[in-house]
Amino acid sequence: LADTIPTPTPLFSGSCEASALIRLNLANPNPVDWTYQVPSNKTEWQISTGHQAYFTDGSHTVNITQTDLAGNVSETRQITFTVDTVAPAKPTITSSLLVNTTSPTITGIAVGATKVNFTLNGITYADIPVSSNIWSVSTAGLAEGENAYALSANSEDAAGNQSLTSTGTITVDTVKPVVSGISASHNHITISADSYYKANDAIKCTITFSENVTASDDLSITTNMGTITINRNSIINKKQVDFTYVVGETDSGIFKITQIGTSNNPADAAGNKMDNNTTEYNFNNRINIDTTKPTVSEARASVSMDYHKIGDTIPIELWSSHMVNIVNNNISVSDNCKLNLSNGSQAIFNSSDSKFHYVIREGNNNFETLTIDSYDGEIKDRAGNLMDSMINKVVVTYSGYGIKAIANKPSVPVINALPALTNTDPIISGSVGASAVQVLLHNGSSNLSVTPDQYKNWSVTLSEIGRA
């Protein structure tokens, strides 16, 4: 009989003399006797106690003797044993059921048990020893990739009682997470077209992984503008993580991400760590960094001649240091922006043609060249860089020459004394003031325009007037 048995109706047996009388006595808790008469041709005996009420769970002691045909009684043999009819609890698994190996070690708890039988993927690992309620077994034969396998376990105590069976599933995941996509936005608007950014603009970038990841160390992002670090505390079981690139004062060019990760990269729930991602992300060349303030390199007058009179409008077209015309969308001008001109006047921005309109007013002094001294309002490039207030006295030109204006009317032309009319084709002559460029002669319904010479003298024959 074992020291611990799982039944309240134990069967006692042994060897003896032929024809002996076997007496079995239960000493506690209440005395009970069982006897067995051994046949003359047998030397073995067996007694079934039959009723479970005698042997409840706990410790018991029985005394056994045999008496031969002569009446001699043997010494008493005493047996002490424990009855245990309570099955142990189902074993539990404490190790992770999501692993990144094809040979996982499974660990669990089996309270009150001496051994565990464990089955995984159809393979049974029997009689796994239990020590201090802990059991562990090394397995093998699972496949790479992402696969789920059924498992089961039951335990057994010293009495042989078996627990109910625990069942479950273990998942093998040996696939490393990867970067599946990346996007960028500015002021909560996704960047989906060519865009330009200036110093201190904040561009939010979002990295999307193939699955949720958790970081045990900070994540390093390498860009062509420098390295950016994402704190590990912001990467906990996330499929997407954000970081912000703030444009530096000297940054320039197309913003690119050249590498994601360096070492000790984020891992998925199974513990697979992401490899360094060296794919270049340039956002389709849409994030253009321009930290240079625009300046005016040229001011062009959209006119057909270089001299102008009172009331004439001179449209002025600015060309920036970026060598693009503000008529295009590369330079923006605020409403009511004004150029302050060297003669004390202003040219006001006209949004209909994207030019500054200067109107020559009464009282303007004569001047040979027109320059821009400064401006009021805002002139920005497409990145938003604001042009400095001074435009460095840029000369307004027409066909490469300075603009000239005559704000005062020319003097009345002088006609010299008329010649004697005895000449069949007398010459009429005279002079004009310094600012005059044409003399208009009238002869009834006829008109004739005469250009003075370099000394401001003019002449014409009477026949020429007549022909006019």
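Residues: numbered from 1 along the sequence shown.
Distance check, rounded to the nearest 0.5 Å: SG of Cys205 to CD1 of Ile191 gives 7.0 Å. The CD1 atom of Ile207 sits 6.0 Å away from atom CG of Leu219, with the distance rounded to the nearest 0.5 Å. The line from CE of Met225 to CD1 of Ile287 is 9.5 Å long, rounded to the nearest 0.5 Å. Remark: Glu17 CD to Leu69 CG distance equals 8.5 Å, nearest 0.5 Å. The CG atom of Leu318 sits 9.0 Å away from atom CZ of Phe349, with the distance rounded to the nearest 0.5 Å. Distance check: Thr222 OG1 to Glu280 CD gives 12.0 Å after rounding to the nearest 0.5 Å.
A donor and an acceptor atom, one from each side chain of Thr206 and Gln240, are nowhere located under 3.5 Å apart. With 3.5 Å as the limit, one finds no donor-acceptor pair spanning the side chains of Thr190 and Ser192. The closest side-chain donor-acceptor pair between Ser95 and Thr107, if any, does not fall under 3.5 angstrom. With no hydrogens or angles considered, a side-chain donor-acceptor pair links Asp251 and Tyr245 at under 3.5 Å. One side chain, Thr174 or Glu144, offers a donor N or O that lies under 3.5 Å from an acceptor on the other. Asn343 and Tyr358 share a side-chain donor-acceptor pair at under 3.5 Å. Thr208 and Lys239 are not linked by any side-chain donor-acceptor pair at a separation below 3.5 angstrom, with hydrogens and angles left out of the test. Lys204 and Asn187 are not linked by any side-chain donor-acceptor pair at a separation below 3.5 angstrom, with hydrogens and angles left out of the test. For Asn340 and Asp373, the side-chain atoms include no donor-acceptor pair closer than 3.5 Å.
When side chains are defined from C-beta on, Asn277 does not count as touching Gln259, because their heavy atoms never get closer than 4.5 Å. Contact check for Val333 versus Ser354: no side-chain heavy atoms found under the 4.5 Å cut-off. Residues Asn100 and Val172 are not in side-chain contact: their nearest non-hydrogen atoms beyond the backbone lie 4.5 Å or more apart. Counting heavy atoms from C-beta on, the side chains of Phe209 and Val179 come closer than 4.5 Å. With a 4.5 Å cut-off on side-chain heavy atoms, Asn154 and Phe118 do not count as touching. At least one side-chain heavy atom of Thr291 sits less than 4.5 Å from a side-chain heavy atom of Val247. The side-chain heavy atoms of Ser252 and Ile289, taken from C-beta on, include no pair separated by under 4.5 Å. At a threshold of 4.5 Å between non-hydrogen side-chain atoms, the residues Ile64 and Ile79 count as touching.
When atom types are taken as modelled, the side chain of Asn265 and the backbone of Met274 share a donor-acceptor pair closer than 3.5 angstrom. With hydrogens and angles ignored, the 3.5 Å screen pairs a side-chain donor or acceptor of Ser163 with a backbone N or O of Ser155. Ser195 places a side-chain N or O within donor-acceptor distance of the main-chain N or O of Ala193, the cut-off being under 3.5 Å. At least one donor-acceptor pair under 3.5 Å links the side chain of Ser210 to the backbone N or O of Val178.
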Stepwise side chain to side chain donor-acceptor pair (under 3.5 Å) test for Thr85 and Asp57
CA-CA 7 Å; Thr85 62; Asp57 277 26; 2.8 Å; yes
Query raised in the report: Checking side chain to side chain contact (heavy atoms under 4.5 Å, CB included) for the pair Val130/Ile128: CA distance, chi angles, key distance, verdict?
Result: CA-CA 7 Å; Val130 178; Ile128 303 167; over 6 Å; no
- Working for side chain to side chain contact (heavy atoms under 4.5 Å, CB included), residues Val359 and Asp312: CA-CA 6 Å; Val359 179; Asp312 282 353; over 6 Å; no
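By the neighbour-count criterion of 12 heavy atoms within 6.0 Å, atom CG of Asp3 is sparsely surrounded, having that number or fewer from other residues, nucleotides or ligands. Atom CD of Gln162 sits in a crowded spot, with more than 12 heavy atoms from other residues, nucleotides or ligands closer than 6.0 Å. Other residues, nucleotides and ligands contribute only 12 or fewer heavy atoms inside 6.0 Å of the CZ atom of Arg23.
By the 4.0 Å N-to-carboxylate-O rule, Asp290 lies too far from Lys198 to be salt-bridged with it. Using a 4.0 Å cut-off between charged side-chain N and carboxylate O, Lys338 and Asp376 make no salt bridge. Salt bridge present: Lys380 and Glu378 bring a charged side-chain N and a carboxylate O closer than 4.0 Å.
Under the 6.0 Å cut-off for aromatic ring centres, Phe55 and Phe81 qualify, their centroids lying closer than that. Ring to ring, Trp34 and Tyr54 are close: their centroids are under 6.0 angstrom apart.
Here the rule is side-chain contact (heavy atoms from CB on, under 4.5 Å) with Val241, and of Ile221, Ile230, Ile260 only Ile230 fits it.
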